[in-house]
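The figures that follow rest on heavy atoms only: side chains count, while hydrogens, waters and symmetry mates do not. A, B, ... follow the sequence lines: proteins, then strands. Residue 1 opens every chain.
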2 protein chains.
Amino acid sequence: MYTIKEVAQMMDISEHTLRFWAKSGFFPFVKRNENNIRMFSDNDLEWVKIVKCLRSVGTENKLVKRYIDLCIVGDSTIPERYEIIQTTKAKAQEQMKELTQQLSLLDYKEKFYQNLIKNNLEDSWNPMNKMQPEDEAV
Amino acid sequence: MYTIKEVAQMMDISEHTLRFWAKSGFFPFVKRNENNIRMFSDNDLEWVKIVKCLRSVGTENKLVKRYIDLCIVGDSTIPERYEIIQTTKAKAQEQMKELTQQLSLLDYKEKFYQNLIKNNLEDSWNPMNKMQPEDEAV
DNA sequence: GGTTGACTGATAGTTACTCTCAAGATTAAT
DNA sequence: ATTAATCTTGAGAGTAACTATCAGTCAACC
């Protein structure tokens, strides 16, 4: 059993956020000890993990809550839960594509600056005026 | 030359966000026409692109502004700009790793639900109690 | 027995949008 | 020529999701 602090360290999520999530109803299953302290079981960590997963892909908190609530209801909600997972996965794949593109732009920029520094070249940018994307583009 | 609406469509960013970015000083170079309407040149789009890139990786607005300002100053700021790009790239790579992991979890979940639906299996989850991660884990 | 440290809930503050709206200009239709 | 529809603008309010601050509780150690 883990305290909120331990969970925060293990899952790399701030205590604040975990409490915020708890207050948002994301962990209705986490028990408290005799001092009203939240004690997370190993199994609870799996729930934290899925919440983190959904959130990290940008699923809004309202939908995360919906998913949790559906799990509690039971079998009859499997189709809706499946749909949520599918939608989330599609979104994640979209993000992957976007991220790949942005990475290649960053890579280009990195090399551009490396060249500029290595060769002690001029930064061919005339403020507000005739900057050329292929020369500098920022 | 493009209006803010056209830029919004081309770059897949809302007009609202573009105005917000403009107000934040991200586009100090964009000219206005005689009616005070912003007119983006093709070159300006390159700037929008790099702002979008930085933001999509989670670079905070303050740093984006810093980067833009450095570009305006000129050559002497190349090392700091290079550093910003490097840091951003490293962050993007980190995100890529994270996203890959989350995708594999989502993939697992997807298959899990597919099985559940295909075989009309029971959802072996006893609310608040003995849920097993490997059986359901949400 | 007093201080330390972890926990609690309540509440205020922050970031980055996101939306609403009134005012001014342009085009299209009456 | 006037009206209506459409677009743009800035100002400002609203929202989501944290993030930080604070006062208060409680067990544990010196």
Engineer: Does Ser24(B) reach a base, just sugar-phosphate, or nothing at all? Heavy atoms under 4.0 Å.
Structural biologist: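 It contacts nothing in the nucleic acid.
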
Engineer: Is the Tyr113(A) ring parallel, tilted or perpendicular to the Tyr67(B) ring (thresholds 30°, 60°)?
Structural biologist: perpendicular

Engineer: Given atom CG of Leu18(A) and atom C1' of dT19(D), what is their separation to the nearest angstrom?
Structural biologist: 13 Å

Engineer: Rounded to the nearest angstrom, tell me the gap between atom CZ in Phe40(B) and atom P in dT8(D).
Structural biologist: 11 Å

Engineer: Distance alone, cut at 3.5 Å: any donor-acceptor contact between the side chains of Asn33(B) and Arg38(B)?
Structural biologist: no

Engineer: Is Glu15(A) salt-bridged to Lys5(A), going by a charged N under 4.0 Å from an acidic O?
Structural biologist: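 Here Glu15(A) does not pair with Lys5(A) in a salt bridge, since their nearest N and O are not under 4.0 Å apart.
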
Engineer: Does either side chain, that of Asp42(A) or that of Tyr2(A), offer a donor lying less than 3.5 Å from an acceptor on the other one?
Structural biologist: yes

Engineer: Say whether Ser104(A) and Asp107(A), considering side chains only, have a donor N or O and an acceptor N or O under 3.5 Å apart.
Structural biologist: no

Engineer: In whole Å, what is the span from the CD1 atom of Ile37(A) to the C1' atom of dA28(D)?
Structural biologist: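 Those two atoms, CD1 and C1', are 13 Å apart.
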
Engineer: What integer distance in Å separates Glu6(A):CD from dC7(C):C1'?
Structural biologist: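 After rounding, the reported distance stands at 13 Å.
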
Engineer: For Phe40(B) and Phe27(B), take the angle between the two ring planes, folded into 0 to 90°, and tell me which bin it lands in: parallel under 30, tilted 30 to 60, perpendicular over 60.
Structural biologist: perpendicular

Engineer: Find the distance Arg32(A):CZ to dT25(D):C1' and express it as a whole number of Å.
Structural biologist: 13 Å

Engineer: Using a heavy-atom cut-off of 4.0 Å across all strands, would you classify Arg19(A) as base, sugar-phosphate, or nothing?
Structural biologist: base

Engineer: Expressed in angstrom and rounded to an integer, what is the separation of Ile13(A) atom CD1 from dT19(D) atom C1'?
Structural biologist: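 In whole Å, dT19(D) C1' lies 15 Å from Ile13(A) CD1.
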
Engineer: How does protein contact run along nucleotides 16-28 of chain C, one letter per nucleotide 5' to 3', with B for base contact, S for sugar-phosphate only, - for none, heavy atoms under 4.0 Å?
Structural biologist: SBBBB----SS--

